Amino acid sequence: MSKSKKYEWLLFDADNTLFDFDGSAELAFWATLEEMGMQRQADYFQTYLKINKKVWKELEEQKITQDELRSKRFDLFLQATNHRGDPIHMNHKYLMNLVDHTKMLPGAVDLLKNLESKFKLAIITNGLKEVQRPRINRADIGNFFHTIVVSDEIGYSKPHKGFFDYTFNQIGHPAKDQVLVIGDSLSSDITGGNNYGVDTCWYNPTHKASPPESKPTFEVSGFLELETLVTNPPGR
């Protein structure tokens, strides 16, 4: 393939790739505690983050379902902090607060504006249906994308092959060398794309070290670098 040949499709992860999910999650978490009448403790958010990360990993590994995730993460949090409460109700409040506190990463909207005329764009996200599409609507970015794939709506999560089979069906089965997966998660975005045989770009703004087994095709730390990469991909 000539070096001037560019990608046709860019498949973007949503959380911490386009959305400032970490910032939104903290605001939503504290708002949820207040609504539940729970006294704020400095270590509570970090406790929740550790539990949430563990539970989402179980989902990626198909050990639990999306519905089990909805109850398990706050059930474990309530146990860890010696509180009583309804974890499903708490989860619902948290999800609604996530929508209310939707934040895009600085520069993300400008990136999409610059890319929409040059590529076909899609969002591929592991997330819950109560949150993902409402957040996309609130951020007013849905018009940039030809399709939006939400794991909770289709029954498969990244990195599962079924998630990418569904995505490729939605985008018309382009040649795999014409597709680039862009995301911040090595375990879901990069592993999923690599296993499916498409190029991957790890969005790594904090310059984390990657384990030897994780081999993204590309790595970028900012949106300007990403735009330059996809416009003139090396070795193509």
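All heavy atoms count here, side chains included; hydrogens, waters and symmetry mates do not. Because the structure is a prediction, the values reported are computed rather than measured.
Here the side chains of M36 and H89 are in contact, with some heavy-atom distance below 4.5 Å. Between I136 and I123 the shortest side-chain heavy-atom distance falls below 4.5 Å. Residues F74 and L69 form no side-chain contact, since every pair of their non-hydrogen atoms from C-beta on lies 4.5 Å or further apart. Side-chain contact check for V230 versus L226: some heavy-atom pair is nearer than 4.5 Å. Using a 4.5 Å cut-off on side-chain heavy atoms (C-beta onward), L78 and M90 make contact.
Annotation: the span from R138 atom CZ to M104 atom CE amounts to 14.0 Å, rounded to 0.5 Å.
Applying the ring-ring contact (aromatic ring centres under 6.0 Å, His included) test to F77 and every residue at least two apart in sequence or in another chain returns F29, Y44. Checked against side-chain contact (heavy atoms from CB on, under 4.5 Å), Q62 has the following partners two or more places apart in sequence or in another chain: H160.
Applying the 6.0 Å contact sphere to NE2 of H92 captures no more than 12 heavy atoms from other residues, nucleotides or ligands.
A donor-acceptor contact shorter than 3.5 Å links the side chain of N97 to the backbone of K93. With hydrogens and angles disregarded, a donor-acceptor distance shorter than 3.5 Å links the side chain of N194 to the backbone of K215. Formation of a donor-acceptor pair under 3.5 Å by the Q132 side chain with backbone atoms of L128 is not found in this model. Side chain of T231 to main chain of T228: no donor-acceptor pair is present (N/O by atom type, distance under 3.5 Å, no hydrogens or angles). Side chain of E60 to backbone of K57: no donor-acceptor contact under 3.5 angstrom is found. A donor-acceptor pair is defined here as one N or O able to donate and one able to accept, closer than 3.5 Å; such a pair exists between the side chain of T17 and the backbone of D184.
A salt bridge is absent between E153 and K129; no separation between the charged side-chain nitrogens and carboxylate oxygens falls under 4.0 Å.
Heavy atoms only, all atoms of each residue included: L95 and V131 are closest at CD2-CG2, 3.4 Å. Contact between Y156 and S151 at its shortest, heavy atoms only, is O-CB, 3.0 Å. Shortest non-hydrogen contact noted between C201 and V220 is SG-CG2, 3.8 Å. Between Y196 and K176, the shortest heavy-atom distance links the atoms O-NZ, 2.8 Å.
For the side chain to side chain donor-acceptor pair (under 3.5 Å) criterion with K158, the lone passing option out of T191, N195, N126, D189 is D189. With N91 as reference, R73 is the one residue of R70, R73, K72 to meet the side chain to side chain donor-acceptor pair (under 3.5 Å) rule.
Residue pairs that meet the ring-ring contact (aromatic ring centres under 6.0 Å, His included) test with at least one member in residues 122-146, sequence neighbours left out, are W9-H146.
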